[in-house]
Amino acid sequence: MERVATLERANADLEARLRESEIRYRYANELSNQITWIASPTGEALDFSPLWTTLTGMSLEESVGTGWGAAMYPEDREQAFAIWRHALATGERLEADYRLRLSNGELRWFHIRAAPRLSADGSVLCWYGTIEDTHDWKVAEDALKASEAMIRNVLESTTDYVFVVDRDWRVTFMNTRWADFVRQERNGKLGDVLWDLFPEDRGTKLETNYHQALATGRPVRFEAYVARGDIWLDINACPMLDGLAVFFRDVTDTKRAQDDIARLAHQDALTGLANRTVLNKELEEAFLQRTERSTGLLMLDLDLFKEVNDTLGHAVGDELLRAVAGRLKGELGEGDVFARLGGDEFAVIHRLDADESSVEALAERLMAGFTDCFFIDGIAIKLAASIGTALSCPTHESANDLLKAADIALYRAKEGGRGAISAFDGGMADRLHARQTMKVDLEVALVLGELRLVYQPLLDISSGRIAGAEALLRWRHPSKGEISPAEFIPLAEDTGLIVEIGDWVLRQACIQAASWPSDCTIAVNLSPVQIRDETLPERVQYALSYAGIDPSRLELEITESVLLNDSERNLAMLHALRKIGVRIALDDFGTGYSSLSYLRHFPFDKLKLDRCFVGDIGASPQTEAIIRAAGEMGRALSMTTTAEGVETQEQFDWLCLNGWTQSQGWLTGRPMEAAAIKDWIVGRDAVHREKVMDRRPAIAVA
Ligand code: C2E
Ligand code: MG
Ligand code: MG
């Protein structure tokens with residue numbers, strides 16, 4: 001009995017504990033955010049916790065068996081059933097994610113877990129499972145995955161190499177581009193320490209900048225040259241919370257292109273020398289240091305380079321400029337800056353320490369560089385240069401002052417003839433200024449009637465008659481008085497005014513000659529600038545017809561320089577003039593180049609020997625030999641031979657004896673004013689006629 005009572009008590013106790021456990025389970029179930037469920041060994045749902053009905057709105061009756069599938073999002077159904085079937089077949093636990101349609105229409109993600117309850121023999125008694133709402137977490141995870149995938153995509157599709165290291169320099173990420181490189185070059189992989197992969201980068205700009213980015217928390221962007229691959233990298237080191245992301249790309253081509261552009265911007269393309277931009281920059285610098293250190297500037301201009309270009313072509317001209325640059329470079333010192341300023345103009349900036357004479361010495365050396373011929377394409381070319389030098393001065397107001405000074409000196413050097421060196425001095429600037437003023441004055445001289453012509457007679461040696469006269473231009477400046485044509489004609493040529501002045505001279509001279517005896521010629525000097533003017537033949541014709549004189553009475557004097565420059569065109573011009581019927585004389589023969597070759601190309605009517613030869617008659621047998629030869633040549637080519645500057649009877653007699661046909665000079669007559677020359681010619685002719693008459697009987701007797 002007692003045993004029965006004990007058993008009943010135990011039973012009651014057990015029931016109470018069971019109830020208690022059930023209540024606890026129910027409470028736990030109701031409080032839990034997980035749905036619990038039970039299914040049969042073959043997979044039919046037997047029970048769901050109330051949360052199922054709360055969420056899906058499906059009653060337990062609707063849900064048991066396979067009814068629960070109706071709450072499942074159709075797209076997920078296939079996969080979920082497959083997983084379930086697999087678990088039932090194998091008796092393995094299952095985990096899956098799928099979406100359920102809730103009673104409010106919302107679609108949410110749930111995580112499903114199921115495990116079998118097994119009997120002692122291992123067969124499945126039933127399945128216990130949970131369904132947990134993981135929607136928010138799943139959506140966040142998907143978003144994270146998507147953004148990670150996007151970042152990875154971006155990092156893969158960039159042309160940059162990308163890697164990430166942690167604070168211990170361990171590589172935690174590499175994009176494929178970088179991974180391929182590291183694998184091939186260094187057998188590297190994720191987790192390797194950067195400095196083990198690239199030990200040679202330690203202690204370089206790369207390491208310093210990586211550290212800086214980490215230390216400051218700010219990205220550091222820089223360019224680095226990597227000698228091992230002879231490449232330039234553009235590197236961006238971006239600090240992150242737990243390390244550093246490094247982006248870099250090969251910018252070698254861009255860098256080289258930039259270098260090329262920079263070089264072109266500072267280099268003369270033809271010679272490779274510095275260009276004007278560099279020269280100006282260096283002059284600016286020298287100007288800033290002018291109190292501590294003086295600077296010499298040498299300007300060099302090639303003489304007659306244009307002729308080389310015109311006659312031998314631009315290709316040879318270019319080659320010649322390169323050769324000049326190459327040869328002169330050898331004469332320069334370490335700190336000298338050698339520039340080509342364009343055309344045939346070069347400049348050297350020469351920094352001086354103490355010895356100012358080194359500028360002169362350098363100029364001499366540069367000049368000596370022209371002693372030997374240049375050989376281009378087998379052609380020997382003899383060049384000369386003019387050099388102007390100037391020194392910086394503490395009183396200079398800008399870098400331009402030094403440039404101007406050297407320019408003025410160069411101008412002087414050129415004026416002084418070819419192959420000259422000229423150093424700047426203060427007086428030069430004054431003279432240049434005076435010249436500029438004179439140019440301006442000359443422009444109005446013609447209008448104001450300050451120009452006039454004088455006439456110098458030419459004597460026919462054999463007949464003793466006046467053959468004609470040469471018109472010579474005179475300028476009486478209102479304040480400076482008489483200015484020599486040798487001084488103002490180059491100015492008029494510079495400004496182009498010579499064309500207008502020359503026109504006036506032609507007309508004036510022809511008008512004068514119209515009043516002279518009809519067998520008297522009038523000689524007019526033509527400047528090379530006038531010859532270049534295509535309308536010259538018309539201008540000449542106009543002057544002749546305006547004055548009404550026969551073309552054969554007009555003699556145009558040109559100098560040798562006309563045939564040196566642009567000879568083809570100028571020769572054509574001479575022929576055109578000749579066609580009008582005027583005579584062409586070669587003036588100042590023997591000066592300048594005296595290349596006899598052009599005498600072959602144009603049949604001059606007259607050769608006028610320069611007066612510097614005539615002055616030597618009786619003093620220099622060599623000169624006499626030359627004059628004799630020139631006379632012979634003139635005769636052989638049927639030219640009138642005129643000797644200029646005949647001042648003495650001895651000179652005249654010698655010329656007469658040696659067969660010269662005409663004499664011009666003070667002995668016969670100085671240049672005369674227009675009003676005087678006609679009477680002089682007529683008077684002179686009358687006297688001459690008398691003399692001849694006087695001599696006739698004697699001749700007859702003889
Ligand atoms: P040119 O044509 O050779 O003229 C001869 C120069 O010699 C003239 O100098 C004349 O005055 C000078 N002369 C003549 N006989 C003697 C002499 O016995 N002894 C000395 N010591 N000198 C003598 P000018 O008039 O000073 O002319 C100098 C140059 O200026 C001329 O040389 C000519 O090339 C140029 N010129 C003069 N007038 C004109 C002109 O109307 N147009 C152009 N384009 N040039 C001109
Ligand atoms: Mg003359
Ligand atoms: Mg002359």
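Atoms within a ligand are numbered from 1 in the order they appear, just like the ligands themselves. Here, residue 1 is the first one in the sequence, and each next residue gets the next number.
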Subject >> Sub-6.0 Å ring centroid separation between W516 and Y455 >> reply: yes

Original post:
Is the centre of the F602 ring less than 6.0 Å from the centre of the H575 ring?
Top reply: yes

**OP:** Tell me, please, which residues at least two apart from K606 pass salt bridge (Lys or Arg N to Asp or Glu O under 4.0 Å).
**Re:** E555

Original post:
What distance separates L410 CG from S386 OG, expressed to the nearest 0.5 Å?
Top reply: 6.5 Å

Original post:
Name of the E470 N, O or S atom nearest the Mg ion (ligand 2)?
Top reply: OE2

Smallest separation among heavy atoms of [X] and [Y], with atom names:
X    : Y    : result
M299 : A347 : SD-CB, 3.8 Å
L491 : E487 : CG-O, 3.8 Å
L446 : E500 : CD2-OE2, 3.8 Å

Subject >> Carboxylate-amine/guanidinium proximity below 4.0 Å for D616 and R611 >> reply: no

Original post:
Would E557 and K608 pass as an ion pair if we require N to O under 4.0 Å?
Top reply: yes

Subject >> Near the Mg ion (ligand 3) (under 2.8 Å) - protein N, O or S atoms >> reply: D587 OD1, D588 OD1, E644 OE1, E644 OE2

Atom pairs and distances, side-chain donor-acceptor, residues 375-383, under 3.5 Å, sequence neighbours left out:
{"residue": "K382", "atom": "NZ", "partner": "F370", "partner atom": "O", "Å": "2.9"}
{"residue": "K382", "atom": "NZ", "partner": "T371", "partner atom": "O", "Å": "3.1"}

Original post:
How would you list, by chain and number, the residues with a heavy atom under 4.0 angstrom from ligand 1?
Top reply: Q456, E470, L472, L473, R474, P485, I489, V505, N525, L526, S527, E557, D587, D588, R611, E644, G645, V646, E647, G665, W666, P671

